[in-house]
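The figures that follow rest on heavy atoms only: side chains count, while hydrogens, waters and symmetry mates do not. Predicted model only: the values in this text are computed from it and were never measured.
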Amino acid sequence: MDDYRKVAIDKAREIVKKYNPNILIPFPFENILKEHEDVEVFSVDLTANGFSGFIAYDDTDGKFKIALNSRDSKERAYFTKAHELGHYFLHGEEIKNYKDGDKLITDESSVLDHPIMFRGNLSGNKIFERQANSFAAELIMPEEQVRNAWDVSGGDLSYCARVFEVSLTAMAIRVEALGLRNG
């Protein structure tokens with residue numbers, strides 16, 4: 001496993017242990033948001049930008065803004081929220097301390113007029129994006145529970161996707177990453 005993935009997975013497990021010790025599905029994001037008052041989550045139509053969501057730091061109020069595309073499916077928005085929280089926990093300081101010329105931020109155009117990290121159809125090749133994806137997968141589809149669901153269902157991808165309230169695509173990627181599915 002790559003070091004960047006291990007860091008993300010370890011952080012997600014730490015967050016699960018603290019904010020979801022009973023492994024509730026769907027993940028109770030409200031437990032995080034109650035304690036982290038510097039995070040604000042909202043929905044807005046991001047279709048024109050091609051974004052599923054983004055995170056930006058607004059130094060005027062000292063908050064991290066997480067926007068979710070209001071046009072996305074419930075399952076995609078759920079994963080996106082976990083992904084953007086991954087950026088918050090893993091890359092918050094980089095986002096907060098961003099300065100012009102830094103190469104850490106994926107895109108600089110935003111409905112908030114702040115540098116942002118975003119999740120969209122073209123963002124999967126950046127290390128920060130892959131790290132946020134690994135974090136999100138472990139957060140909302142914990143390895144042990146996915147393995148159990150996979151075994152109980154006899155390897156039924158649709159069943160597992162429904163159990164974890166994620167898209168078929170997200171579940172397919174997860175089971176493949178866990179080595180549960182060949183080909």
Side-chain angles (χ1 to χ4, degrees), residues 4-44 46 51-97 110 112 114 116-120 123 128-150 152 159-171 173-175 177-178:
Y4 76 86
R5 267 190 79 229
K6 182 175 179 352
V7 167
I9 290 167
D10 288 349
K11 179 53 96 172
R13 288 178 178 164
E14 174 188 319
I15 298 302
V16 167
K17 189 174 187 178
K18 182 172 183 175
Y19 296 105
N20 191 14
N22 297 322
I23 316 292
L24 300 175
I25 309 287
F27 185 93
F29 292 117
E30 62 275 8
N31 293 349
I32 292 173
L33 298 175
K34 274 188 265 183
E35 187 171 315
H36 293 272
E37 294 177 356
D38 63 336
V39 177
E40 181 180 316
V41 179
F42 61 95
S43 293
V44 64
L46 299 171
F51 299 167
S52 289
F54 67 78
I55 185 169
Y57 181 73
D58 185 348
D59 55 9
T60 61
D61 66 4
K63 290 192 175 198
F64 288 88
K65 312 290 182 158
I66 293 177
L68 305 175
N69 190 340
S70 60
R71 298 298 214 67
D72 280 350
S73 69
K74 179 181 122 188
E75 294 82 5
R76 185 159 176 95
Y78 176 56
F79 190 92
T80 298
K81 187 186 288 187
H83 173 100
E84 299 307 338
L85 282 169
H87 283 310
Y88 171 77
F89 285 111
L90 296 165
H91 313 123
E93 285 306 306
E94 287 90 345
I95 296 167
K96 191 175 187 176
N97 297 319
S110 158
L112 289 178
H114 296 284
I116 64 172
M117 286 185 163
F118 71 95
R119 177 170 188 259
S123 63
F128 277 13
E129 294 304 309
R130 290 187 302 216
Q131 209 172 26
N133 281 339
S134 294
F135 174 94
E138 186 64 32
L139 188 75
I140 64 175
M141 297 176 278
E143 180 176 352
E144 184 178 342
Q145 285 66 33
V146 170
R147 288 183 183 283
N148 290 340
W150 188 255
V152 164
Y159 170 84
C160 292
R162 284 191 308 276
V163 165
F164 290 93
E165 299 187 20
V166 297
S167 68
L168 279 171
T169 301
M171 185 52 66
I173 292 168
R174 184 67 171 146
V175 300
L178 294 174

Give the minimum heavy-atom separation between [X] and [Y], together with the two atoms involved.
| X | Y | value |
| --- | --- | --- |
| V44 | F42 | CG1-CE1, 4.0 Å |
| D61 | K63 | OD1-N, 3.0 Å |
| A161 | S167 | CB-O, 4.0 Å |
| T80 | L68 | CG2-CD2, 3.7 Å |

Ignoring hydrogens and geometry, is there a side-chain-to-backbone donor-acceptor pair from N69 to L46 under 3.5 Å? yes

Taking the side chain as every heavy atom from C-beta outward, state whether I32 and F89 have any atom pair closer than 4.5 Å.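 Yes, their side chains come closer than 4.5 Å.
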
Is there a side-chain contact between L178 and W150 in this structure, where contact means two heavy atoms from C-beta onward sitting under 4.5 Å apart? no

Inspect the contact between R147 and E144 and indicate whether a charged nitrogen and a carboxylate oxygen are less than 4.0 angstrom apart.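 Looking at R147 together with E144, the answer is no, because their closest N to O distance does not fall below 4.0 Å.
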
Decide, yes or no, whether a salt bridge links R174 with E138 under the criterion of side-chain N to carboxylate O below 4.0 Å. yes

Are more than 12 heavy atoms from other residues, nucleotides or ligands located less than 6.0 Å from atom CZ of R71? no

How long is the span from the [atom1] atom in [X] to the [atom2] atom in [Y], to the nearest 0.5 Å?
| X | Y | atom1 | atom2 | value |
| --- | --- | --- | --- | --- |
| R5 | N133 | CZ | CG | 10.5 Å |
| D38 | D58 | CG | CG | 12.0 Å |
| E143 | M141 | CD | CE | 12.0 Å |
| E93 | K96 | CD | NZ | 5.5 Å |
| E84 | I95 | CD | CD1 | 8.0 Å |
| L33 | L85 | CG | CG | 6.5 Å |

Yes or no on side chain to side chain contact (heavy atoms under 4.5 Å, CB included) for N31 and N20, after CA distance, side-chain angles and deciding distance? CA-CA 8 Å; N31 293 349; N20 191 14; 5.6 Å; no

Is it the case that the side chains of H87 and E129 hold a donor-acceptor pair, with the cut-off being a distance below 3.5 Å and no angle test?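 Result is yes, a qualifying pair exists.
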
Between Y19 and the options H36, E30, K34, the side-chain hydrogen bond (donor to acceptor under 3.5 Å, both in side chains) test singles out H36

Apply side chain to side chain contact (heavy atoms under 4.5 Å, CB included) to residues F29 and V41 and explain how you reach the verdict. CA-CA 10 Å; F29 292 117; V41 179; over 6 Å; no

Kindly indicate, with the supporting measurements, whether the criterion side chain to side chain contact (heavy atoms under 4.5 Å, CB included) is fulfilled by F164 and Q145. CA-CA 9 Å; F164 290 93; Q145 285 66 33; 3.8 Å; yes

Centroid-centroid distance, F27 to Y78, less than 6.0 Å: no

Using the six-membered ring wherever Trp is involved, compare the ring planes of F79 and H83 and label them parallel, tilted or perpendicular (cut-offs 30° and 60°).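 Because their plane-to-plane angle lies in the 30° to 60° range, the rings of F79 and H83 count as tilted.
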
